[in-house]
Amino acid sequence: MRRKMVAGNWKMHGTGASVAELTRSLKAFDFPTNVDVAVFPPSLYIGQVVEALNGTAISVGAQNVARQAEQGPLTGEIAASQLADAGCTLALVGHSERRQVLGESDEELCLKFAAAQQVGLVPVLCVGETLAEREAGNTLGVVARQLNSIVDALGIEVFHKAVVAYEPVWAIGTGLTASPAQAQEVHAAIRAQLAAKNAEVAQNVRLLYGGSVKAANAAELFNMPDIDGGLIGGASLNADDFGAICRAAGN
Ligand code: PGA
């Protein structure tokens, strides 16, 4: 049985004061014990969040990671080893905002994925199609290409210690959610693609859905056989909303 996971991606939101308030509420929340809960604060606040959530079961991750694992001359970036040193255990790789807005390529993301794993951070690889790609019937092709760029370069075994998040770009922050059937179709295809290389890896890897997940739609998504939890943006900025989504995953 795969353990469910719910991760909150805070994106570029928060101030020292609002982060203190959010972590205080998270600390007080009674999260289900059968779900792995994680938050991804802006890197500026990682230390603050790690400290505030110390003693809870909530993991802390980074929204981005440098393409190299160790410290060095790379202005503005944060090495995977530094993130680990700060208390992170996870790192998002290839969120669509970084692919689409910041132009990160599959090749660049492959370096980041490897750098994260090199120091023991669990990469959460985000994949997903744009609306134009879906309308052109290319959804499965796009997702397969994004996944294959990692598998071909690093091997299938890297997914023993990774998570995949399927996030259709048209559903992120738009209020449009993929229907449970639409999401399940892509999750099943991802698992089948991995299973063709290694059945055990495919069986065990967690596949999260992301894109306008809310307390109201979380349960029906998480009940699908290949959806193992969620990557939550907007709704993760409110501890009660985020907590309700975690409870939906635990039921
Ligand atoms: P959303 O974002 O829940 O606000 O749609 C999800 C994400 O981008 O990870």
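Whatever order the structure lists ligands and atoms in, that order sets their numbers, starting from 1. Note that the numbering runs from 1 along the sequence shown for the chain.
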Selected option - heavy-atom contact closest to atom 5 (O) of ligand 1, from C126, G128, G173, G233: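 The option holding the nearest heavy atom is G173.
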Contacting atoms of ligand 1, where contact means under 4.0 angstrom from a heavy atom of [X]:
X	result
I172	2 (O), 5 (O), 8 (O)
K11	2 (O), 7 (C), 8 (O)
G211	5 (O)

Just distance, no hydrogens or angles: give the donor-acceptor pairs under 3.5 Å from side chains in residues 147-156, sequence neighbours left out.
from: N148; atom 1: OD1; to: Q193; atom 2: NE2; distance (Å): 3.2
from: S149; atom 1: OG; to: Q146; atom 2: O; distance (Å): 2.8

Residues R24, F29; criterion side chain to side chain contact (heavy atoms under 4.5 Å, CB included); working and verdict: CA-CA 9 Å; R24 216 173 6 253; F29 199 90; over 6 Å; no
If I take atom [atom1] from residue [X] and atom [atom2] from residue [Y], how far apart are they, to the nearest 0.5 angstrom?
X	Y	atom1	atom2	answer
K112	R67	NZ	CZ	8.5 Å
D36	R2	CG	CZ	13.5 Å
F113	F159	CZ	CZ	4.5 Å

Please indicate whether any nitrogen or oxygen in [X] is less than 3.5 Å from any nitrogen or oxygen in ligand 1.
X	result
E97	no
G234	yes
H95	yes

Out of curiosity, is [X] lining ligand 1, as in a heavy atom under 4.0 Å away?
X	result
S212	yes
A171	yes
K214	no

Parallel, tilted or perpendicular, as decided by the 30° and 60° cut-offs, for the rings of F31 and F242: perpendicular
Location of contacts on N9 toward ligand 1, heavy atoms closer than 4.0 Å: side chain
Which residue and heavy atom of the protein sit nearest atom 9 (O) of ligand 1, plus the separation: E167 OE2, 2.7 Å
Worked verdict on V65 versus I78 for side chain to side chain contact (heavy atoms under 4.5 Å, CB included): CA-CA 6 Å; V65 55; I78 303 177; over 6 Å; no
Ring centroid separation Y45 to F40 under 6.0 Å: no
